[in-house]
Protein chains: 2
Amino acid sequence: MIISDNLKMYVQKLRSSNLRPTKQRLKICKFLFDRKKTFHFTVETLNKKINKSGTSKVSLATIYNTVEAFTSAGYLKEILTSKNKSYYDTNIKSHHHFYDEGSKELTDIHYSQIKLSKVPVPPKGKKIKNLEVVIRIQK
Amino acid sequence: MIISDNLKMYVQKLRSSNLRPTKQRLKICKFLFDRKKTFHFTVETLNKKINKSGTSKVSLATIYNTVEAFTSAGYLKEILTSKNKSYYDTNIKSHHHFYDEGSKELTDIHYSQIKLSKVPVPPKGKKIKNLEVVIRIQK
DNA sequence: TATCTAGTTTATAATAATTCTAAACTAGAA
DNA sequence: TTCTAGTTTAGAATTATTATAAACTAGATA
Ligand SMILES: [Mn+2]
Ligand SMILES: [Mn+2]
Ligand SMILES: [Zn+2]
Ligand SMILES: [Zn+2]
């Protein structure tokens, strides 16, 4: 993940996906991708963070639209481990997760931390799109 | 899974979990567990099946209550692989799943069909509650 | 630079799944 | 038979998400 003060990189990225680099999208890009470490979030938490300090607001509809657009474009990964709520991941590499049932937080497990020595063949006519391990943890 | 014409077994099972064997719960037990093979369902599909033919109706609230009670009691397993909707599994043994993104159907992968030769240690103070592999498939 | 238009944002309504509420009902202990 | 805690139920409320449609804007073109 590259840290940048200017937004040229995001402008290009968005253009390459046929997404206009609007000020809302760039603000969200900056928040999501201008950091050393990837992280997990929900629309709810993203909305709070984006609309925190007195800056110009981004509507909830746009937060939803943007998260959806970024997921389709492959900038985000959707994680379905929690009931009634989608999580998103700025780490788009293939990897696994711990899911803490208490705190409802996801933690990455690097791809290499889990080794599958035996995997079944998918049903006839179907292809494997991805394989993910979720380890549910508790106190 | 034992097939039974009489309901004594379910009555006992329910009593042992401090659940009164009401006619609604027994009807749902019969539908869920009186079969050779386990299966996956949603509250929506269960509700339709339970309330199909002219028999006395079970309210949707009771379907929800019962699925929740049976999951807590360990008769059902909740599967969170789909957006905005919980799936449930009458197979409560530890096992894995194919999830078909097209048909939105789950298929069991027997525990022995996947071998994990390397698994990470959980974070300090946390215990592994379960580990599940989901293989998303597509045409 | 001014104009134009498809794409975007937004407030708000609509939908879908689920949970809550509180009144009526019932299993089963006493 | 009586009593009561547990259960069922219809319907309301809540939560996350998606749809709608009017106002706005990026950026291509004149
Ligand atoms: Mn979900
Ligand atoms: Mn939902
Ligand atoms: Zn992750
Ligand atoms: Zn299963």
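Lettering follows sequence order; numbering is per chain, from 1.
- If you check C/dT18, C/dT10, D/dT8 against the side chain of B/S59, the one that comes closest is D/dT8.
- Rounded to a whole Å, the CG atom of B/L46 is 15 Å from the C1' atom of C/dT18.
- Inter-residue side-chain proximity for A/L32 and A/Y75 is flagged as unmet; no heavy-atom pair is nearer than 4.5 Å.
- Between the CD1 atom of B/I50 and the P atom of D/dT8 there is a distance of 12 Å, given to the nearest Å.
- The side chain of B/L60 approaches C/dT18 more closely than any other nucleotide in the set C/dT9, D/dT17, C/dT18.
- For the pair B/R15 CZ and C/dA29 C1', the interatomic distance rounds to 11 Å; values are reported in whole Å.
- Under 3.5 Å, the side chains of A/H40 and A/D108 contain a donor-acceptor pair of N or O atoms.
- Residues A/E68 and A/F70 are not in side-chain contact: their nearest non-hydrogen atoms beyond the backbone lie 4.5 Å or more apart.
- Atom CG of A/N47 is separated from atom C1' of D/dA16 by 12 Å (rounded to the nearest Å).
- Shown here for A/I128 and A/P122, the closest heavy-atom pair between the two residues is CG1-CG, 3.9 Å.
- Rounded to a whole Å, the NZ atom of B/K27 is 15 Å from the P atom of C/dT26.
- Put simply, NZ on A/K104 is 13 Å from P on D/dT15, counting in whole angstrom units.
- In this model, no donor atom of one side chain and acceptor atom of the other lie less than 3.5 Å apart for B/Y87 and B/T81.
- A donor atom on one side chain and an acceptor atom on the other are not found under 3.5 Å apart for A/T71 and A/Y88.
- Ring pair B/H95/B/H97 is perpendicular by interplanar angle, where above 60° counts as perpendicular and below 30° as parallel.
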Shorter than 3.5 Å, N or O on both sides, protein versus nucleotides 19-22 of chain D: list them out with atom names.
none

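- For the pair B/V11 and B/Y64, nearest-nucleotide mapping onto DNA chain C gives the more 5' position to B/Y64.
- Within 4.0 Å (heavy atoms only), A/K57 reaches sugar-phosphate atoms of the nucleic acid but no base atom.
- Seen from the ring of A/F31, A/K52 does not count as a face-on cation partner, given the 6.0 Å and 45° thresholds.
- Side-chain atoms of A/K83 never come within 3.5 Å of backbone atoms of B/E78 as a donor-acceptor pair (strictly under, hydrogens ignored).
- B/K85 places its NZ atom 12 Å from the C1' atom of C/dT18, with the value rounded to the nearest Å.
- B/H96 has its side chain within reach of B/L131: a pair of non-hydrogen atoms, C-beta onward, lies under 4.5 Å apart.
- Of the listed nucleotides (D/dT9, D/dT18, C/dT19), C/dT19 has the atom at the smallest distance from the side chain of A/N84.
- Each of B/E44 and B/P21 was assigned the nucleotide of DNA chain C with the nearest heavy atom; the assignment lying further toward the 5' end belongs to B/E44.
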Pairs: protein N or O with nucleotides 4-8 of chain C N or O, under 3.5 Å:
{"unit_1": "C/dG7", "atom_1": "O4'", "unit_2": "A/R20", "atom_2": "NH2", "d": "3.4"}
{"unit_1": "C/dT8", "atom_1": "OP1", "unit_2": "A/R20", "atom_2": "N", "d": "2.9"}
{"unit_1": "C/dT8", "atom_1": "OP1", "unit_2": "A/R25", "atom_2": "NH1", "d": "2.6"}

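- A close approach under 4.0 Å does not occur between any side-chain nitrogen or oxygen of B/S86 and OP1 or OP2 of C/dA17.
- Whole-Å rounding puts the B/K83 NZ to D/dT15 C1' distance at 14 Å.
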